[in-house]
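Since we're looking at a predicted model, the values are computed, not measured.
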Amino acid sequence: IGLGKIAQDAHVPAIRDDPAFDLVAVSSQRALTLDGVPHAVSDHRDLLALPEVDAVAICTPPQPRYAIARD
């Protein structure tokens with residue numbers, strides 16, 4: 001959830017490089033997508049509703065994190 005520069009430079013590569021995880025969706029308010037990721041949504045609640053999503057990384061600025069985590 002969140003696909004800014006830090007997420008793209010650090011979080012996404014770490015998730016992709018760990019065989020314990022499959023990156024199946026991204027959520028970006030700017031409607032960004034990633035090659036090889038089957039789902040891209042602009043609202044994090046749509047990502048949370050996907051049946052194949054078991055866990056998320058919240059990669060947003062601090063201000064919206066609490067509300068996202070509550071969702």
Side-chain angles (χ1 to χ4, degrees):
I1 298 174
L3 198 53
K5 180 164 178 41
I6 294 171
Q8 291 180 42
D9 291 350
H11 297 106
V12 168
I15 292 167
R16 283 185 162 164
D17 289 346
D18 190 326
F21 298 105
D22 292 318
L23 187 56
V24 298
V26 294
S27 173
S28 164
Q29 289 182 334
R30 297 178 292 152
L32 298 175
T33 62
L34 286 177
D35 288 340
V37 178
H39 302 284
V41 299
S42 59
D43 188 315
H44 72 274
R45 290 168 288 222
D46 295 331
L47 181 144
L48 296 173
L50 294 169
E52 57 266 67
V53 172
D54 295 322
V56 300
I58 302 173
C59 304
T60 65
Q63 297 83 354
R65 278 189 211 143
Y66 179 76
I68 292 169
R70 285 191 51 125
D71 289 339

| request: Could you go through the side-chain contact (heavy atoms from CB on, under 4.5 Å) check for I1 and L47 one step at a time? | output: CA-CA 8 Å; I1 298 174; L47 181 144; 4.2 Å; yes
| field | Summary of side chain to side chain donor-acceptor pair (under 3.5 Å) pairs that have at least one residue in residues 56-69, sequence neighbours excluded | value |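 Residue pairs with at least one partner in residues 56-69: Y66-R70.
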| message | If we count only N and O atoms by modelled type, under 3.5 Å, do the side chains of H44 and Q29 hold a donor and an acceptor together? | response | no
Are [X] and [Y] connected in the hydrophobic side-chain network, where two residues link if heavy atoms are under 4.5 Å apart?
| X | Y | value |
| --- | --- | --- |
| L32 | V41 | no |
| L48 | I58 | yes |
| V56 | V24 | yes |
| V26 | V53 | no |

Distance check, rounded to the nearest 0.5 Å: [X] atom [atom1] versus [Y] atom [atom2]?
| X | Y | atom1 | atom2 | result |
| --- | --- | --- | --- | --- |
| C59 | K5 | SG | NZ | 14.0 Å |
| D17 | L23 | CG | CG | 11.0 Å |
| R45 | I68 | CZ | CD1 | 9.0 Å |

| request: Looking only at non-hydrogen atoms, find the nearest pair between G2 and A7 and report the distance. | output: O-CB, 3.7 Å
| field | Flag if over 12 foreign heavy atoms under 6.0 Å of CD1, I6 | value |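 No, CD1 of I6 has 12 or fewer neighbouring heavy atoms, counting only those of other groups under 6.0 Å.
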| said: For D22, is the CG atom crowded, meaning more than 12 foreign heavy atoms sit under 6.0 Å from it? | reply: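 Check fails, neighbour count at 12 or below.
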| request: Could you tell me which residues satisfy salt bridge (charged side-chain N to carboxylate O under 4.0 Å, His left out) with D18, sequence neighbours excluded, listed by chain and number? | output: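 Result, salt bridge (charged side-chain N to carboxylate O under 4.0 Å, His left out) vs D18: none returned.
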| message | Between L3 and V12, does the side-chain contact (heavy atoms from CB on, under 4.5 Å) criterion hold? Intermediate values first, please. | response | CA-CA 9 Å; L3 198 53; V12 168; 4.0 Å; yes
| task | Please step through side-chain contact (heavy atoms from CB on, under 4.5 Å) for the pair V37 and R16, ending with a clear verdict. | result | CA-CA 10 Å; V37 178; R16 283 185 162 164; 3.4 Å; yes
